[in-house]
Asker: 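Sending over a structure as structure tokens; questions will come in a sec.
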Amino acid sequence: MIANLLSTENIVFTGVNILLAWSVYLTLMTGTLSFAMAAFMGIGAYVSGILTAKFGWPLVPAALVGTLACLAGGILVGFPALRVRGLYLMLVTTGVTLVVKVAIENIEYVGGVGGMGGLRGTTPELVLASVVVIGGALWLLSRTPLQRIMDAAREDENVAASLGINIVFIRVAGFAAGAALAGYAGALYGHYIIFIAPEQFDILYSVFIALYVVLGGVNNLWGPVLGAVVITMLPEVVREFGVMSSGFRSARQLIFAGALVLLLLVRPAGILAFRRLSIRAGRGRVPVGST
Amino acid sequence: MTGRIVAGLEGVAKAFGGLRAVDGVSLDIPAGEVVGIIGPNGAGKTVLINLITGFYHASDGQITIADHNVTQWTLHQIGRLGVARTFQNIRLFRRLSVLENVMVANPAFTAHPLRGLLALSPRRQGRDEAMDLLALFGLADRADQSAGELAYGDARRLEIARALATRPRLLLLDEPAAGMNDRETEALVDDIRKVKPRLEAIALIEHDMSLIRALADRVVAMNYGRIIAEGATGTVLSHPKVVEAYLGQEES
Ligand SMILES: Nc1ncnc2c1ncn2[C@@H]1O[C@H](COP(=O)(O)OP(=O)(O)OP(=O)(O)O)[C@@H](O)[C@H]1O
Ligand SMILES: [Mg+2]
């Protein structure tokens with residue numbers, strides 16, 4: 001049973017979903033709940049897929065180009081989109097996902113609605129290594145002044161601005177970094193499932209990714225990991241133990257409904273309940289661990 | 001005293017609908033001075049500070065700081081020019097620690113946030129300077145507490161420490177003694193005197209006249225958005241218009 005949970009497929013999907021959860025976490029750190037992650041995932045998958053499947057590039061450099069494309073896309077979309085806040089911003093980022101999907105559907109070069117095949121090369125080892133490297137980078141980030149600036153800007157952006165912090169820059173940087181990470185995750189995902197189609201990068205996926213973070217909490221970078229692992233693995237666990245026989249889809253739906261209810265009960269403060277302490281006062285000694 | 005002007009206002013006005021909260025104020029804040037700003041509730045003192053710091057934009061007039069016309073500048077541009085403030089209704093980053101509230105204001109990183117990615121050791125992040133500032137305001141032993149848990153007087157002092165961490169030329173204090181007891185107010189006078197040499201000028205809004213008498217080199221009195229008297233502290237405090245403005249307030 002446990003062996004099945006640790007199947008190649010589970011490891012790859014869980015790892016990719018952890019990366020995606022972190023992409024939402026990064027964006028949310030600067031105060032933006034983004035539903036554009038599926039779009040950037042799609043861009044990352046398609047850009048890298050073209051390079052590998054049509055031009056014979058190896059996966060890693062292709063994935064990095066896909067990542068850069070999403071970074072650029074994030075900056076381009078971020079500047080106009082981040083003028084609005086709250087509910088409007090959710091709508092705008094939702095719109096990004098819808099528009100990118102329709103755009104890909106209309107590009108014949110990548111197979112339009114029919115999709116594109118021949119993407120190969122993602123191994124569980126590559127996914128795990130990516131999770132470790134990016135997790136390490138995020139952990140380092142959590143100990144830098146940049147993290148503190150983002151926390152302050154999220155709490156009171158006018159006061160933060162008054163201290164000399166360029167809020168627009170911070171928000172666009174967070175949005176673009178999240179977009180880049182989603183693009184990288186999309187590249188890994190695409191090159192595992194071999195065949196990609198626009199419908200895979202649907203708005204529902206964006207919502208699922210946001211839910212990993214909502215469920216796991218964003219007090220630190222482990223919350224999103226927990227959310228991603230639990231939601232990715234649970235359907236498998238449920239199936240393994242035979243509670244649910246009607247299969248993957250309905251199990252997922254039930255779990256999502258359950259997760260939302262749980263969230264409202266356990267975490268009424270919701271997704272914005274951040275708390276960490278990166279620096280302590282003691283002089284001359286290296287600070288140990290954060291909360 | 002050099003006579004140089006740190007901040008200059010010329011016919012500055014701010015209207016909210018029909019209400020002219022600030023109505024044609026001209027005022028110079030010269031280098032080396034502490035300018036006290038007094039006036040009854042609703043006189044427009046806080047709005048004036050909001051205009052100088054870019055929280056509001058003037059509907060009329062011009063604001064000059066360090067020879068720059070900043071009338072239409074954004075918050076962070078004015079902040080970087082060296083204008084820092086505290087808030088009448090304390091606005092700390094409550095979820096950050098006391099120490100973090102000061103560290104976050106370090107101009108090395110606020111002006112270049114990505115440079116912060118390379119500063120991984122607390123020392124390079126300016127922790128020691130921040131601790132010095134906290135020590136100056138008697139907050140060093142609360143450094144790791146979250147700012148939201150601070151008592152009122154401590155929170156007010158932390159706001160001043162945070163403002164100073166930006167290394168400003170001009171510090172604007174909006175009722176720093178509000179909610180403090182006499183002992184705390186006396187300590188605050190000492191603290192402000194201590195930090196005065198770090199600044200080119202201070203503007204001090206206060207209802208507590210003992211604080212104004214102790215600190216202000218010059219006083220500006222406002223009512224209904226206008227300056228009604230200006231000059232040496234003693235003269236302004238006993239000016240008939242000022243006395244009348246405060247009496248009018250007590251009657252209503
Ligand atoms: N954002 C705003 N919108 C509308 N009216 C405002 C706004 N801010 C201030 N006012 C009004 O402008 C006037 C001046 O307010 P301000 O806060 O500057 O007074 P103040 O002199 O600081 O008084 P206090 O001593 O009570 O703090 C008041 O009548 C106030 O109601
Ligand atoms: Mg006021």
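Numbered from 1 within each chain, the chains take letters A, B, ... in sequence-line order. In this text the structure is predicted, and so the values were computed from the model without any measurement.
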Asker: For B:F93 and A:D151, what are the C-alpha separation, side-chain angles and deciding distance, and is it a side-chain contact (heavy atoms from CB on, under 4.5 Å)?
Answerer: CA-CA 9 Å; B:F93 304 116; A:D151 293 341; over 6 Å; no
Asker: B:Q125 side chain to A:R143 main-chain N or O, any donor-acceptor pair under 3.5 Å?
Answerer: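 Yes, the answer is positive, given that a donor and an acceptor are paired below the 3.5 Å cut-off.
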Asker: For A:P145 versus B:A119, what's the shortest heavy-atom pair and its separation?
Answerer: CD-O, 3.4 Å
Asker: Among B:L114, B:L134, B:T110, which residue has the highest count of heavy-atom pairs closer than 4.5 Å to chain A?
Answerer: B:T110
Asker: Yes or no on side-chain contact (heavy atoms from CB on, under 4.5 Å) for A:V168 and B:H76, after CA distance, side-chain angles and deciding distance?
Answerer: CA-CA 10 Å; A:V168 175; B:H76 77 264; over 6 Å; no
Asker: Any chance you could measure A:T144, atom OG1, to B:L118, atom CG, to the nearest 0.5 Å?
Answerer: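 The CG atom of B:L118 is 9.5 Å from OG1 of A:T144, to the nearest 0.5 Å.
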Asker: So which residue, A:I167, A:I149, A:V159, ends up with the most heavy-atom pairs under 4.5 Å with chain B?
Answerer: A:V159
Asker: Counting only heavy atoms closer than 4.5 Å, note whether B:P113 contacts chain A via side chain, backbone, both or neither.
Answerer: both
Asker: Would you mind checking which part of B:L117 comes under 4.5 Å of any heavy atom in chain A, side chain (CB onward), backbone (N, CA, C, O), both or neither?
Answerer: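 When you check distances to chain A, atoms from both the backbone and side chain of B:L117 fall under 4.5 Å.
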Asker: Considering only heavy atoms, which portion of B:F55 lies under 4.5 Å from any heavy atom of chain A: side chain, backbone, both, or neither?
Answerer: side chain
Asker: Could you tell me which portion of A:A160 (side chain, backbone, both or neither) has an atom closer than 4.5 angstrom to a non-hydrogen atom of chain B?
Answerer: both
Asker: Roughly how far, to the nearest 0.5 Å, is CZ of B:R80 from CG of A:L163?
Answerer: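 Between atom CG of A:L163 and atom CZ of B:R80 there are 11.0 Å.
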Asker: Could you look at B:V83 and say if it's the side chain, the backbone, both or neither that has a heavy atom under 4.5 Å from chain A?
Answerer: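 B:V83 touches chain A through backbone heavy atoms alone.
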Asker: Which of these, B:R95, B:R91, B:R94, sits in a side chain to side chain donor-acceptor pair (under 3.5 Å) with A:D156?
Answerer: B:R91
Asker: Using non-hydrogen atoms only, which part of B:A84 is less than 4.5 Å away from chain A: side chain, backbone, both, or neither?
Answerer: neither
Asker: For side-chain contact (heavy atoms from CB on, under 4.5 Å), just list the numbers for B:L96 and A:R148, CA-CA rounded to whole Å, side-chain angles, deciding distance to a tenth of an Å, and then say yes or no.
Answerer: CA-CA 8 Å; B:L96 298 190; A:R148 211 156 27 239; 4.2 Å; yes
Asker: Take a 6.0 Å sphere around OH of A:Y88 and say whether it holds more than 12 heavy atoms from other residues, nucleotides or ligands.
Answerer: no
